[in-house]
Amino acid sequence: MSVRRLAEDQVQPVNFAFNEANAAWAEKTIQKYPEGRQQSAVIPLLMRAQEQDGWVTRACIEQIADMLDMPYIRVLEVATFYTQFQLKPVGTRAHIQVCGTTPCMLRGSEALMDVCRHKIHHDPLTPNAEGTLSWEEVECQGACVNAPMVIIFKDAYEDLTPERLEEIIDAFEAGKGDTITPGPQIDRHFSVPEGGLTSLTEEIKLVRTNLEAPAAAPAEPKADTAQVPPSNAAKPKTDAPETDPKLKTPLTAPKAAEENVKAAEKEATGVETKTEKPSLDDKNRPAAVAKPETPDDLKLISGVGPKIESILHDIGIFTFAQVAGWKKAEQEWVDGYLNFKGRIVRDDWVRQAEALAKGGEAEYIKVFGKKPR
Ligand code: FES
């Protein structure tokens, strides 16, 4: 449980002022709210102040209270309630907020805090010697299904292992935090199960059926009460596909609905319909080799886990040297085959493999400044 207090007097600046651009933005923001409701701007203004100065000072709280015509205590209550507001100076490159609530705790958040203690500072809310990194424990951040997780500034990094958190911290420390994609850090999309959907597959079929109906079947002419045909009268012939009377939808799937179906599946499941894997006969498929007696441990490449390693083996990739030799088109082929959406390039598999092929772990440490995972 976090204790939220203002920083000691010694570190509190005497004054606070928005810079010119932020002052203009604050004025506009306050005007968005109806007369008498300007206090609703308190959270956006506090956030902007924090983005400007790195943390929320007492002077800032008082200034914003004056701007919104609020008692100081009301703004103080907001600033001390939400852990998104930093009440002391924090790391300039990253402030790591580790969720320590039950689901994250059961999934290993204590080990993540150990990483922070070891890499940043033993104590929470205490920046490292360079002032670039700090950390703290926070309560549930609403991503329990992807536990354990951390928040860094406005982004969540989920499904973490201690090793992955170390890599993330290193990237931020090196000023390369933007190279890490927020969200799940394993092979899954948002919160869907690893390996794809396991439930609600029936609902997807239903969405498909309903979507296809209007695209294929022209609307029946409106019945004119004076000209209702007898029930045994022959129906006028149309080009519409035959319709299943139970479902009231055409039996033939029109191609035109395909895009809508994909969109609906995405909406219903949160998962984009996987594009087709590139063909194994494609000219850009990297050359396969026979399994050597001692294959390289491809899992040393960051981004390759046991599942991905076994898929790589299936397509004849067993050595670092093979991966190191991939050209752009070959990387794209493998990326498409694994449905990785650019991760191979982002994680720089080729450079990692080059180092590992050249001199194993020692060379990797020389090039990347850390051990391979
Ligand atoms: S318990 Fe950690 S995000 Fe909910």
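Remember, it's 1-based here, ligands and their atoms both numbered in the order they're listed.
Taking 4.0 Å as the cut-off, G142 counts as a neighbour of ligand 1 on heavy-atom distance.
Atoms of ligand 1 found under 4.0 Å from any heavy atom of T101 (numbered from 1 in listed order, with element): 1 (S). Close approach to P103 involves these atoms of ligand 1, each under 4.0 Å from a residue heavy atom: 1 (S). Residue C99 approaches ligand 1 through these ligand atoms, each under 4.0 Å from one of its heavy atoms: 1 (S), 2 (Fe), 3 (S). Those atoms of ligand 1 with a heavy atom of C104 less than 4.0 angstrom away are 1 (S), 2 (Fe), 3 (S).
For the pair Q331 (side chain) and G342 (backbone), a donor-acceptor distance under 3.5 Å is absent.
The existence of a salt bridge linking K88 and E8 is confirmed by a sub-4.0 Å separation between a basic side-chain nitrogen and an acidic carboxylate oxygen.
Scanning all heavy atoms of the two residues, the minimum distance from F153 to T92 falls at CZ-O, 4.3 Å.
With contacts defined as side-chain heavy-atom distances shorter than 4.5 Å, the pair E166/I169 does not qualify. In this structure, the side chains of I152 and W135 stay at 4.5 Å or more apart for every pair of heavy atoms.
Backbone or side-chain N, O or S atoms of C144 reach atom 4 (Fe) of ligand 1 at under 2.8 Å.
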